[in-house]
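What you see is a predicted model, and the numbers here were worked out from it, not measured in a lab. Per chain, numbering begins at 1; letters A, B, ... match sequence-line order.
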Amino acid sequence: MSGTIVQLAYLLAAVLFIMGMSRLSSAKTARSGNSMAAVGMLIAIVATLLKADVVDYVTVAAGVVIGSALGAVLATRIEMTAMPQMVALLNGFGGLASALVASAELYNYFRAGETPTGIVPIAIVLGALIGAITFTGSLVAFAKLQELMSGSPITYPGQQVVNALTGVGALALCGMIVADPGNMQAYIGLLAIASILGVTLVIPIGGADMPVVISLLNSYSGLAACATGFAIGNSGLVISGSLVGASGIILTKIMCDAMNRSLANVLFSAFGQAVASTAGSGEKKTVPRYTPDDAAIVFNSASNVIIVPGYGMAVAQAQHAITELAELLESKGIKVQFAIHPVAGRMPGHMNVLLAEANVPYEKLVEMDDINPQFAEADVALVLGANDVVNPDARNAPDSPIYGMPILDVDYAGHVMVIKRSLSPGFAGIDNPLFYNDNTMMIFGDAKGISLALAEAVKALD
Amino acid sequence: MLEDPAVALTIFVLALFVGIEVISKVPPLLHTPLMSGSNAISGITIVGAILAAGAEHRTLATWLGLVAIIVATINVVGGFMVTNRMLEMFEKKPKKS
């Protein structure tokens, strides 16, 4: 197949990617958009297979068969609550693939005794650098989310200096390779140091900041593909990579804005650790404990309920139990909505996916800006495993570390019910005055168990 | 193909703008499927992997290409399938009450 036709096939694929992604603007058209993008990918792959330089189909087929089997198993088996880990892993694979392709390209030059010129050596080192950082960084994010390692920030004295020096070292190696692309030792050194950098950059970032990290790694995986596209002179990779890069950048910005923090602050401040160490020193406060039966009496006279889910709902797998409660309340003529904070959970859109899994119609999942004016009219705000995103200190206490972060104004509701395991502070390590308000009812326990108990108690009142 | 770096850069910058334009219209409701779907698209590296692995002579580069094909295919197949699975849930008709 001639080069021009292959290029046109890549163009067609890129058009399908763009059209597919633009169909994600609505839940009604999104699924067809995903299918369009998949068709685009198929076209790009088939066109590549028909290129004259591809002769060893056995190797290619072996790789595709193994990868498809693994991908299909992963995609069908994964629990919806584990979706953040899944996305982290996929980001990592994207980075790894780009780094490998960039390396293969450089090796081909090396073996042929040629020297890449112009933009190619720069693109190769960038593909390797970004790809390797994305790969190991995503593995650390995966390990944190899968709880293979602690989700809290890991820090040590002088960490930022060490990271900065490692980064400078990586850039120096990049420079050496661009100056002399035949320097294989430097290239291997670059892969090693970039892999280390991926780990050291992600370990100081706490669990609650994972939405930002995942978005950023998503962006990196696209930029790595883009750099590799420059390296092998393939416009298909450049276009698709920059689309993904843009997507990750936007999500990163949305997540940072939703926490009122800069990207630099998220990446380098080890948020949650410094504060947590001082949080325990305050006097021990206590609050009255309420039971599901107390709550049922409140529900009985309510007509407007807003449920605020957080990471605790995901951990306890409580999405089905809370949906049952919501349906029960609706059957009694009570209006029920879900308020979704942009950074609730461990990745962008985490809560929406879980509640969609539990069959909550998406019209009832209301974004922060739309739901906030409604809290004053609500009889009950039911907070299920959320903490920092409902902390009024963000609005009222200028000295609070989360001051200025947009929150859900649950404290304006008639009654606030907070389902929580204990009074312990959230992942940001900050005490929450909401728990001590007069209109707040603390119900201690597991999110799923309490949701079920609430439903039982409401039924018992009939 | 992309011998002229200026042409490649032009494509890159324009695609970046198209991406920002298109993606800023995606509602927060669908941010998770957006990530997994764009992950699948970043599996486009499979194209480069096929070129590396399918070369005539078996060298270190073809082995690197083979591993790249495997991981990129996991990205493509796993990404599109899991996105489809999620979007199917969003598509469901509201239950009759």
Side-chain angles (χ1 to χ4, degrees), chain A residues 17 21-22 24-25 27 30-31 34 38 41 44 48 54-56 59-60 63-64 66-68 70-72 74-75 87 90 93-94 96-98 100-101 103-104 107-108 119 218 221-222 225 228 230 232-233 236-240 242-244 246-247 250 348-349 352-353 356-357 361-362 367, chain B residues 1-2 5 8 11-12 15-16 18-20 22-26 28-32 34-39 41-42 44-45 47-50 52-54 56 59-61 64-84 86-87 89-91 94 97:
Chain A
F17 291 158
M21 287 183 111
S22 63
L24 278 176
S25 60
R31 198 166 157 219
N34 186 56
M41 186 63 75
T48 309
V54 178
V55 286
D56 183 0
T59 308
V60 172
V64 169
I66 297 172
S68 301
L70 292 175
L74 206 57
V87 170
L90 291 178
F93 287 159
L96 177 62
S98 296
L100 288 170
V101 173
S103 304
Y107 183 78
N108 280 337
I119 199 168
N218 187 233
S221 76
T228 303
F230 279 108
I232 64 173
L237 260 73
V238 172
I239 298 175
S240 319
S242 46
L243 283 175
V244 178
S247 156
I250 291 179
N352 297 305
V353 168
E357 186 198 11
Y362 57 81
E367 290 168 33
Chain B
M1 278 182 277
L2 289 180
I11 293 176
F12 170 61
L16 215 52
V18 171
I20 289 173
V22 167
I23 286 138
S24 45
K25 294 197 176 72
V26 177
L29 176 75
L30 297 176
H31 275 169
T32 298
L34 168 65
M35 297 198 87
S36 57
S38 64
N39 247 317
I41 292 178
S42 77
I44 185 76
T45 315
V47 164
I50 291 173
E56 204 171 354
T59 65
L60 176 64
L64 293 175
L66 174 62
V67 179
I69 289 185
I70 294 174
V71 287
T73 312
I74 294 177
N75 239 5
V76 170
V77 174
F80 281 126
M81 280 180 69
V82 85
T83 308
N84 186 59
M86 273 187 271
L87 292 173
M89 301 183 323
F90 281 103
E91 225 176 33
S97 50

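A:L96 pairs by the side-chain contact (heavy atoms from CB on, under 4.5 Å) definition with A:L100, A:F135, B:V71, not counting sequence neighbours.
Between chain A and the options B:N39, B:I23, B:T45, the largest number of non-hydrogen pairs under 4.5 Å is found for B:N39. In terms of heavy-atom pairs under 4.5 Å with chain A, the best-connected choice from B:V18, B:V76, B:I41, B:V22 is B:I41. Comparing B:I20, B:L29, B:L34 by heavy-atom pairs within less than 4.5 Å of chain A, the highest count is held by B:L29. When each of B:T59, B:V26, B:I44 is checked for heavy-atom pairs under 4.5 Å with chain A, B:I44 comes out on top. Comparing A:L237, A:V54, A:L74, A:T228 by how many heavy-atom pairs each has under 4.5 Å with chain B, the most go to A:L237. Considering only heavy-atom pairs separated by less than 4.5 Å from chain A, the leading option among B:V82, B:T83, B:N75 is B:N75. In terms of heavy-atom pairs under 4.5 angstrom with chain B, the leader among A:G236, A:S221, A:G222 is A:S221. Ranked by heavy-atom pairs shorter than 4.5 Å toward chain B, the options A:S68, A:G94, A:A225 are led by A:S68. Between chain A and the options B:V77, B:I74, B:I69, heavy-atom pairs under 4.5 Å are most frequent for B:I74.
Across all non-hydrogen atoms, the minimal contact from A:A97 to B:A72 is CB-CB, 4.0 Å. Closest non-hydrogen pair, A:S247 versus B:S38, comes out as OG-OG, 3.8 Å. In terms of heavy-atom proximity, A:A75 sits nearest to B:M81 at CB-CB, 3.6 Å. Taking every heavy atom of both residues into account, B:L30 and A:A30 meet most closely at CD1-CB, 4.0 Å. The heavy-atom pair separating A:E367 from B:P28 by the smallest distance is OE2-CD, 3.3 Å. Between A:A356 and B:M89 the shortest heavy-atom distance is O-CB, 3.9 Å.
With rounding to the nearest 0.5 angstrom, the CG atom of A:N108 is 9.0 Å from the CG atom of B:L64. Between the OG atom of B:S42 and the CG atom of A:N218 there is a distance of 7.0 Å, given to the nearest 0.5 Å.
Between A:F230 and B:F12, the ring planes are perpendicular. Angles over 60° get that label, and only those under 30° would be called parallel.
Of the two parts of B:V67, the backbone and the side chain both hold a non-hydrogen atom closer than 4.5 Å to a non-hydrogen atom of chain A. Proximity to chain B (any heavy atom under 4.5 Å) is shown, for A:M21, by both the backbone and the side chain. The contact between B:A52 and chain A is made entirely by side chain atoms (from C-beta outward), counting heavy-atom distances below 4.5 Å. Using a 4.5 Å cut-off between heavy atoms, A:F93 contacts chain B through both its backbone and its side chain.
Between B:I11 and A:I239 the shortest side-chain heavy-atom distance falls below 4.5 Å. A:N352 places a side-chain heavy atom less than 4.5 Å from the side chain of B:F90.
Although no hydrogens or angles enter the test, the distance criterion places a donor-acceptor pair under 3.5 Å between the side chain of A:N34 and the main chain of B:F80. Distance alone, capped at 3.5 Å, is enough to place a donor-acceptor pair between the B:T32 side chain and the A:P348 backbone.
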